[in-house]
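Single-structure report; data block below.
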Amino acid sequence: MYLAGQEEIDAIARVISSGALFRYGVGGECDRFEERYARYLGCRHFALAASGSNALAAAMIGVGLGPGDEVIIPAHTYMATATAVLTVGAIPVIVDIDETVTIDPAAVEAAIGPRTKAVVPVHMWGAACNMDAIMKIAERHGLIVIEDACQGVGGSYEGRKFGSIGHVGAFSFNYYKNMTSGEGGGVALNDDAVAERVRCAIDPCHFYWQGRSDASQPFAGNGARASEIMGAMLNVQLDRLDGMIEAMRAEKKAILDGVAPLGNLGLRPAPVNSPGHDCATQVMFTFPSAEAASRFVKIFPSVIAGKTGRHTFTEWDQVLKGAGAAHPAMNPYTMAANAECRTTYPDSLCARSLDILNRTVMVATHPLHSRQDTDDIIHNIGAAARVVFGELSEAEADLRNVKAVDAQKFDMKLEA
Ligand SMILES: Cc1ncc(COP(=O)(O)O)c(C=O)c1O
């Protein structure tokens, strides 16, 4: 979800008029954004990339992951979290989420094996992972923590910004995110040497544009350099971010307060790891059964987390079918270096996650919702819950006309 208006149009127009579309040596927008966003996150470095997928892979390359390593990831995340692991030659080990729809720390600890090198907590749908628990587990077992904050732009865990808590954090600025430049992404981190490697992974020619240093050796990587158009748009988007997040947090609180009396009936908000700090892009409810969740979304159009396709491991063909690379000789699933890694996935994998996801309903917030919009949402949640929990018949549910919201895509724009 994002908001964009005349300021973005003006900023992009300025870059095009200036002719300075290349970030190195000519333009200054990418540099300015990287500095500002690093400061916003409380990190030493932020390196822009062309996508969140590329940022994840660059982060993994930066910290030195590769063949022979297993990386623990959650059963519910966009498939790029898994494919990034494969692109660096490592093996993703998929573990359960809990009712917060984020990675279950107990499942992480239980899955650690002799080849486990890293874990990727994903702040899915803007909800916070249990970062204190994950960081403690990582410390105990010497794991690297790569935070996938692609869906968590602007959110925090107990006051610390998503993406700044682990050893390295990856962000996406694609069309569906809280800040967008159409496509885009980047890596946040503190370590200077890792930052050099991340920048080389994003642009193998980066040492040429920015000056050679004896401290690091360039290696081959795919080009995913950011453009000045991206930087210009993100500089405007960053100014909007906190206001949007505050508005969504206020709406989430209003919805949760408004539906609290329905707790007596059986309506249960999903547990959250950092109430009041996360992005608040969704209000989630955990239903007692998948049937109850299906009935609810039929009455009040909203989204079942388990029905969002690409976000659940059952849809990740590259992983489940072992097609880990374009060329068979580079397929991590068959590489000799990965012989001691767990390269197969049982049919029973993460059944608990599938059960939770099919019982979890998400109602989207929006920073431009009026108090009336929010009241209508509260009313409709109440009406649908009363039907689901048997207090009303479907015919008796007097739903208000709320604009149907697609949780993946919001098309509401600021007036230009
Ligand atoms: C959790 C998560 N990780 C990674 C990505 C990849 O980002 P991009 O689409 O910018 O490549 C996304 C994008 O949707 C995502 O949601």
Side-chain angles (χ1 to χ4, degrees), residues 1-2 33 37 46-62 65 71-88 92 94-95 97 100-103 118-129 131 134 145-155 157 162-163 165-166 168-188 198 201-202 221-227 230-231 233-234 237 278-279 281-282 303 305-306 308-313 315-316 318-319 353 357 362 364 406-410:
M1 194 279 312
Y2 69 96
F33 178 76
Y37 198 50
F46 187 78
L48 270 169
S51 72
S53 306
N54 187 270
L56 273 169
M60 292 179 193
I61 290 167
L65 294 177
V71 179
I72 294 177
I73 64 167
H76 185 62
T77 174
Y78 179 60
M79 65 172 73
T81 315
T83 57
V85 177
L86 293 171
T87 62
V88 305
I94 302 170
V95 304
I97 53 145
T100 66
V101 308
T102 64
I103 199 162
V119 56
V120 189
V122 183
H123 302 294
M124 211 43 201
W125 307 109
C129 297
M131 290 309 295
I134 290 162
V145 178
I146 297 154
E147 260 182 286
D148 182 338
C150 289
Q151 295 198 10
V153 177
Y157 173 83
F162 291 164
I165 305 164
V168 59
F171 291 84
S172 168
F173 303 126
N174 81 17
Y175 174 67
Y176 301 107
K177 303 302 189 273
N178 291 338
M179 278 202 298
T180 191
S181 42
E183 298 287 354
V187 184
V198 166
I202 290 170
N222 282 323
R225 197 170 45 237
S227 85
M230 183 190 287
M233 182 155 178
L234 288 172
Q237 290 272 291
D278 63 14
C279 295
T281 32
Q282 307 286 337
V303 173
T308 56
R310 61 200 182 277
H311 297 112
T312 303
F313 73 95
E315 304 292 324
W316 305 341
Q318 299 94 327
V319 175
S353 300
L357 291 167
M362 306 193 293
D406 172 350
Q408 316 299 306
K409 176 175 177 295
F410 300 84

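All residue numbers in this chain count up from 1 along the given sequence. The analysis underlying the following values was restricted to heavy atoms, covering all of them including side chains, and did not include hydrogens, waters or symmetry mates. Just so you know, ligand 1 is whichever comes first in the structure, and atom 1 is the first atom listed for that ligand.
Every protein residue with a heavy atom nearer than 4.0 Å to ligand 1 is included here: S51, G52, S53, L56, T77, Y78, A80, T81, V122, D148, C150, Q151, S172, N174, K177, G184.
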Test side chain to side chain contact (heavy atoms under 4.5 Å, CB included) applied to V122 and I103, step by step: CA-CA 7 Å; V122 183; I103 199 162; over 6 Å; no
Worked verdict on I94 versus I73 for side chain to side chain contact (heavy atoms under 4.5 Å, CB included): CA-CA 5 Å; I94 302 170; I73 64 167; 4.1 Å; yes
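With sequence neighbours excluded, no residue forms a side chain to side chain donor-acceptor pair (under 3.5 Å) with S53. When the side chain to side chain donor-acceptor pair (under 3.5 Å) test is applied to S181, no partner is found at least two apart in sequence or on another chain. Scanning for ring-ring contact (aromatic ring centres under 6.0 Å, His included) contacts around Y37 gives F33, Y40, F46, F171, F173, with sequence neighbours left out.
Nearest heavy atom pair, residue I146 against residue A118, reads CD1-CB, 4.3 Å.
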